[in-house]
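Reviewing the structure listed below.
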Amino acid sequence: MVESDLDEICRPNEFWKGNQVLGGNGTLNVSLCFEDTAIFYGVCLFFWILATVNFLCRKKRDFIHIPFNLLLVTRILLCCGIILISICDLGFAIYVKIFQDEATYFFISPAVLFATMVIVILLLISEYKKGVRSSGPPVILWIGLVVYGSIKMWTILAKAQVHGFIEKFYFFTFSLEYFVYLLLLMLSFIPEPKSSDDYLKHKPSPEESASFFSSVTWWWLKSLMWKGSRRVLSHDDLYDINYEDKSEVTSIRFQKEWDKEVKRSGLVFVQGQSNKQPQKRKEPSLVLALFRAYGLDIITGGFYKLCYDILIFVNPLILRLMIAYIHDKKEQAWNGYFYAMTMFFVALLLSLVYQQYFNSTSTTGMRIRTSLICAIYKKSLVLTRKSYQTRTIGEMVNLMSIDAHRFIETLSYFHMVWSGPLQIVVALVVLYWTMGLAILAGLAVLLLLLPFTLLVFLLGQRFQTKLMKAKDKRLRSIYGILSGIKVIKLYAWEFPFKQKIKELRNIELKCLRKIAIIQSFATLTWFSTSTVVTLTTFSTFMWIHSTIANPNYIMTAGKVFVTISLFDILRYPLTRLPMTVAYIIQANVSLKRIRSFLLEEELDLTGTDDSDTTTDGKEAVLIREGSFSWDKEEEKFMLSDIELSARPGELVAVVGPVGAGKSALISAILGEMNKINGHVVLKGRVAYVPQIAWILNATVKDNITFGKGFNNVLYNEVISTCALEADMEILPGGDMTEIGEKGINLSGGQKQRVSLARAVYQESDVYLLDDPLSAVDSHVGKHIFDNVIGPEGVLKNKVRILVTHSVRFLSQCDKIIVMNEGRISEVGTYSELLEHNGEFSVFLQNYGSTDESDEKKQSEISVPEEKGCFTDKIKKEQENSLIVNEKVHLGIVKISVIAAYIKSFSYISLCLVLLLYCLTAGGYLGQLLWLAHWSNAGGNDNLTLSANLGIYASLGMAQSFSFLFASLTLAFGTVKASRRLHAKMLSNILRSPMSFFDTTPLGRLLNRFSKDTSVIDEKISTFLSAFLTTVFSTVGVVIVISIASPWFLFATVPMSIFYLFVQRFYVATSRQLKRLEANSSSPIYSHFQESINGVTSIRAYNVQERFQLLSQAHVDYNQVALYYSYNAVVRWLSVQLDFVGALVIFLAAVLAALQRNYPQVFGFIDPGLAGMSISQAFMMTLLLSMVVRMTSDLESSLISVERIKEYTESPNEAPEIIPDNRPDPNWPVDGSIQFDEYATRYRPGLDLVLKNVSCYIPGGQKVGVVGRTGAGKSSLTMSLFRIIEADKGSILIDGMNISKYGLRDLRSRLTIIPQDPLLFLGTLRFNLDPFDTCTDDEIWRALRNAYLSDFVEKLSEGLKYSIAEGGENLRYDYVTCINQFLHLFSVGQCQLVCLARALLRKTKILVLDEATAAVDLETDDLIQRTVRKEFSDCTILTIAHRINTIMDYDKVMVLDEGRIAEFDTPEKLLELRGLFYNLVINAGITVSS
């Protein structure tokens, strides 16, 4: 029917002539009509499909417009020329029709050509407007038209007679068309010219202007590959990523679809709002959102995969013709060479299509990764306290580093979900055509595997979920430990925390072992499936032959090796399906985890209004009938009946005891708390100064300006008023000094003043100041109040709400709010509250001073003013950097790294793995040789069918079981190596000095414990298994081809040279790119951790968008290295090596043809060996590329070992214990301390912070240590604990030099209550007694003495109450808390927990490092009473801002610039009227008292 219809288009019986395509003399036996219809229409139709897909993919893309250029204009003009020719052909056909009958295709073909050229022109113009220069569909069209034209030209010249005018006219127009096709094809090789926009880019990628052929062969990478082979690459050598891959594009693309999905579901996850989602409606689907955003990209990859799946069956069919050719000596000789050339070109085409498939999926996977990282970051900035309580930084880092990254790998295998079954079905159809009904037996085996696959999927998903949860718990604990490492060292708690991580790690490794066992048996099943299917098919085939004696069921080489090549094709989806299942399981788990995070509760942005209709509208801050809680469900802490108002120019003080809700009130104004009822108004821009300063890892200047444009006059005024002038002189680089993470190289007072300066510089309307004066010295606090906060300060016209524990400035406040137990108990002016005789008045009588003469004395002494512009000073920037750049290793992965991993793996296990993989490859080779022998014998050998099948099955069983034991040995070996490396790294980092943590960002350390550890856990075993499999398989294929065609060995020499040449280029470049990618990922996590720590400040300053842009910049920086390391150079390698693989196929086929035609020269070859040789050559295209890729991937994964090994060898502190010199169990007995000419510095190369300090403190004395910021107070205590070591001199305790003892022996005999209260993940009991050495009675006694027993008794689980990371469900802290949310405890109450720790340790020496700075005077008094009572016989060193707390001490030490300026009793120092006297006067203390 179809042929008759086509004959109507052509002339009768002219569409198809004869039954053979190939003519006897090498010509094609087809008609011109067939060429002008079937071939020509097929090419055009294929182009139309490609153009449609291309248009749909780019329809909604808002790319950069590229101006037209000469090359584009030339192409359009040539297309217009073809249009003119087609019009001429159509017109001529109409003219001819008048005089004689003309075939229909003479009218249709010009019209088709006309329409095609119009589409080409429109597509070219559209692509340029979308920012795409080299469009694939037009070039594919030119290739197809040139092939069509070449066939037609050959047919005309070889067979047709061109005599009449009509024939000459059509030949002339066709020749013009053919010439233009060639021109257009040649123009496709010319690189696109750069536009003016390209020159404005930092480093535009050559890919954007590369020609089509340069793009598909990745030849544009040649300059980068050359650089990588000649020298070490840096990030500056890399090109920018394409515009559509940038995070600003991908994040908007995904966020838009995700918002639609959330809106469609009706789900509400805003704090305080009930969920009104109907039960029947589905929850938001992250899968659908991703598909809507990237569906066309995914479909494009699927289209390439479909083309590949079709082409992959071409060569096995040609193999059947080739084997028949070798068997049939009558067939013409040239046919064999034609088959060889066809196989060669099909292999090349397969390679190009396959690389485009991987390029498409990899690029799409990277875009998904980028968009998810951006979405996670954006979501993290709007989470509520409740969400932060359940979502730790460690878990969120895992979502970014592991879960989001999975989609790059998963998408590469995703299409196997449909492609694998499609390949299996097509292979079975072709096998049925080859083997008949015998294939049904093999099909039955495949069907039996389906339940097993489902079981593997379910088990894998279950354990993968457990694994990710275990990773989260481990990383959460590690984050808490690294954040609080200073406290851990001060308390000598390294061992219990290391044991805790070890327990969590063991749970994780247990899951890894179970997953490894499941995957090993799954891989064994799928690996042996090919053998079982082959065995059952051949046995069934021979049984049918012996039963019905059908001549079609005779075992021949053609049938055997076409079947084998089809089974090799079948083997790929069968072996990849388990991996696909594993990746989908992991991706599914990751999807659920990310989706769960994206649906976490968000802050209610409508909780505060910027307008007020209830009053006259003059209030900038207003709360009416406000009730607030942190958690609506629990309501464990609330603010209730809040009535507050503040107008511009007013200074409102908020006072009250510890835990009264002062900081919570600030949070309620900011909208951080859940508003249960009431009305909140907040007008204008807000500046917020948290109780514990949030400092960025940036310069001092950047911390102050905080993204606002630089104003020199304003900047210098801020520096002066915030008392930072002297600090600028002290800091090595002035205001260009880099501040470490969390302000590690600044004192507490300096951090607070920088935080305050940031707020002042913003020139906001409302200032919320959460006790900023507690961390600064008294005289500095007075200076700041007078010049910044007070009635005459620079903020005098602004709204200022000041939380404070100090009473000295209250008389200058316009309004005072007294809080108690979450309520406002009193409101009024200073005088009104005194007259009221309420709580405030009683409190002032006990703790306050109203002596006006004191205020007068305070005003007489102020902070010296130092004029000058600090930004104009010449800085040595190279000396200002604190954070050390991450080390980038050079060259190949060192032997020492490989040896370290093998040592952890075990040498015996490695030798066993190599032996087992060798046996696996040997079993497969034996199967092939036996099949060749069996097929050549044709069943006529002396062995029975059972014997032949038995030998084949035995070889298959040996192969399968060798592979199983190899997989299990490898899996358990890698888990063991991972455990050892992780444990060694953790132990070494915990033993690192504090200087290491000062100069190493926390994100960099987390990267080692998350991504690098994940690579060692999961990737190395996969890559090592694939590497060994491909290496042994490649050697086996070379052996097989050489057995069949010994002449092939001569060709291996030049191919090996080229192979090694390409490998040298690739491995050197890829290795360095992988290192750059690993290093560039750390800033993503460092910035993320820094942002979460300061999330309240970010929201208060309303700079979320700026921080999102900073995060996107870090992601793009990493994306550049990721794109080239993971995708671009791999594609370049594959194209080069696929050419070698295609050459191997060509040589194997040509040599087989030569051996058939010239056996006396090249040797005889039988069909069995020929089939075996060529069928295995088909695998070389994949194997050669896989060997180099697996070599590179394995080396890249070993980079993670290299990075972890680096931190297993970093310098350590002094030994924890010195066995030969341990102190007496009761040491120190007396508690005396002596400094002997002691000097120290924080790190080599820095200035001394203590200089020739000499003093003696008798046992039992109470010594106060005072001095201005930077005087060396904290350094003195750090020296006592040997956090910093002596540069010269010594410290003696009870006459013993502390440098002679181990650190654990020393630190465990001392006690400190640090300035920043720190709580760790775990129970309250664990936080008090991690070694579990105290009884419950002792702990309760300590809690009673710390005034916490009543509070702890009210907790649901008492001592077993679980404290979240950093204590975010207990306190308000920046240092380790992932948020700044007060819930149960205030900072002061957390300080009381630290006091309870000290009471439990109760050593002879106690250090209080500004321990009462964050508590009110009443609580301070309680703490001091406890210290005096419980530590009455101990030596006490107290660093205090509140001078009144040390006035009754035995001695006071005044430090100035690292030296002891004064050291005597308080009375004698007051008589001197020196530095201490000035500090006392500034503190508002009457000297006579």
Side-chain angles (χ1 to χ4, degrees), residues 484 486-493 496-497 658 1227-1228 1231 1233 1257 1259-1265 1274 1276-1278 1280-1281 1283 1293 1304 1306-1320 1322 1324-1349 1351-1352 1359 1363 1367 1370-1371 1373 1375 1385 1387-1415 1419-1440 1442 1445-1446 1449:
K486 185 176 180 180
V487 172
I488 289 174
K489 288 183 176 296
L490 289 171
Y491 284 108
W493 281 355
F497 280 96
V658 167
W1227 179 85
I1233 303 172
I1257 301 172
Q1261 273 200 353
K1262 280 49 173 188
V1263 178
V1265 183
S1274 294
L1276 191 75
T1277 62
M1278 294 302 101
L1280 197 60
F1281 286 83
I1283 296 297
I1293 296 179
R1304 187 189 298 176
L1306 169 65
R1307 293 168 181 170
S1308 61
R1309 312 300 174 90
L1310 309 176
T1311 301
I1312 186 172
I1313 303 178
Q1315 180 178 6
D1316 297 327
L1318 190 68
L1319 301 181
F1320 296 96
L1324 179 59
R1325 195 188 199 290
F1326 177 82
N1327 270 271
L1328 293 169
D1329 180 31
F1331 284 95
D1332 202 21
T1333 57
C1334 301
T1335 64
D1336 284 355
D1337 290 340
E1338 291 173 327
I1339 291 176
W1340 279 110
R1341 180 177 179 276
L1343 290 173
R1344 280 192 295 273
N1345 289 327
Y1347 309 99
L1348 281 173
S1349 57
F1351 183 84
V1352 175
L1359 293 176
I1363 296 174
L1370 293 179
R1371 65 188 259 279
D1373 184 20
V1375 178
F1385 281 14
V1387 174
Q1389 286 173 311
C1390 287
Q1391 195 65 276
L1392 295 178
V1393 175
C1394 295
L1395 173 62
R1397 286 177 185 163
L1399 291 169
L1400 287 171
R1401 287 169 70 96
K1402 198 173 182 183
T1403 59
K1404 291 296 292 183
I1405 296 176
L1406 171 66
V1407 177
L1408 286 82
D1409 187 1
E1410 301 177 357
T1412 60
V1415 299
T1419 307
D1420 188 357
D1421 186 51
L1422 293 175
I1423 292 175
Q1424 296 297 338
R1425 287 183 194 176
T1426 300
V1427 169
R1428 291 185 183 95
K1429 177 184 176 182
E1430 298 296 326
F1431 296 92
S1432 58
D1433 59 340
C1434 301
T1435 305
I1436 299 176
L1437 267 68
T1438 300
I1439 297 174
R1442 293 174 179 166
T1445 60
I1446 60 168
Y1449 274 30

- Task: Determine whether T1438 and V1427 make a side-chain contact, defined as any pair of heavy atoms from C-beta on separated by less than 4.5 Å.
- Result: no
In terms of heavy-atom contacts, L1328 and W493 come closest through O-CZ2, 4.5 Å
For F1281, the ring pair (Phe, Tyr, Trp, His ring centres under 6.0 Å) test, sequence neighbours excluded, returns none
A1396 and A1342 have their tightest heavy-atom pair at O-CB, 3.8 Å
**Request:** Spell out, as yes or no, whether a donor-acceptor pair under 3.5 Å connects the side chain of Y491 to the backbone of I1312.
**Result:** yes
inquiry  = For K1404, is the NZ atom crowded, meaning more than 12 foreign heavy atoms sit under 6.0 Å from it?
reply    = yes
When rounded to the nearest 0.5 Å, the distance separating CG of L1324 from CG of L1343 is 6.5 Å
Closest non-hydrogen contact found for E1338 with T1333 is OE1-O, 4.4 Å
For S1308 and R1304 the tightest heavy-atom approach is OG-O, 2.6 Å
Distance col, row L1406:CG vs K1262:NZ, nearest 0.5 angstrom, shows 9.5 Å
Here the gap from R1401 atom CZ to C1334 atom SG, rounded to the nearest 0.5 Å, amounts to 10.0 Å
| task | Report yes or no: does T1435 contribute a side-chain atom to a donor-acceptor pair with the main-chain N or O of G1231 at less than 3.5 Å? | result | yes
CG of L490 to OG1 of T1311, rounded to nearest 0.5 Å, is 11.0 Å
Quick one: does L1280's side chain get under 4.5 Å of I1293's, heavy atoms only?
-> yes
Here the pair of heavy atoms bringing T1403 nearest to L1310 is OG1-C, 3.4 Å
Rounding to 0.5 Å, atoms CH2 (W1340) and CG (L1359) come to a distance of 5.0 Å
Contacts of W1227 meeting ring pair (Phe, Tyr, Trp, His ring centres under 6.0 Å) (sequence neighbours excluded), chain-then-number -> Y1301
I'd like to know if R1341 pairs up with D1337 as an ion pair, taking the criterion as any Lys NZ or Arg NE/NH1/NH2 lying under 4.0 Å from an Asp or Glu carboxylate oxygen. no
What one should report as the nearest heavy-atom pair of V1263 and Y1449 is C-CD2, 3.4 Å
message: Measuring only between side-chain heavy atoms, which start at C-beta, is R1325 closer than 4.5 Å to D1336?
response: yes
When rounded to the nearest 0.5 Å, the distance separating NZ of K486 from CD1 of I1283 is 7.5 Å
Going through the distances and angles, do F1326 and D1332 end up as a side-chain contact (heavy atoms from CB on, under 4.5 Å)?
CA-CA 7 Å; F1326 177 82; D1332 202 21; over 6 Å; no
**Study point:** Student check: side-chain heavy atoms of I1233 and L1437 closer than 4.5 Å
**Key:** yes
- Query: Do R1397 and I1313 have side-chain heavy atoms sitting under 4.5 Å apart?
  - Reply: no
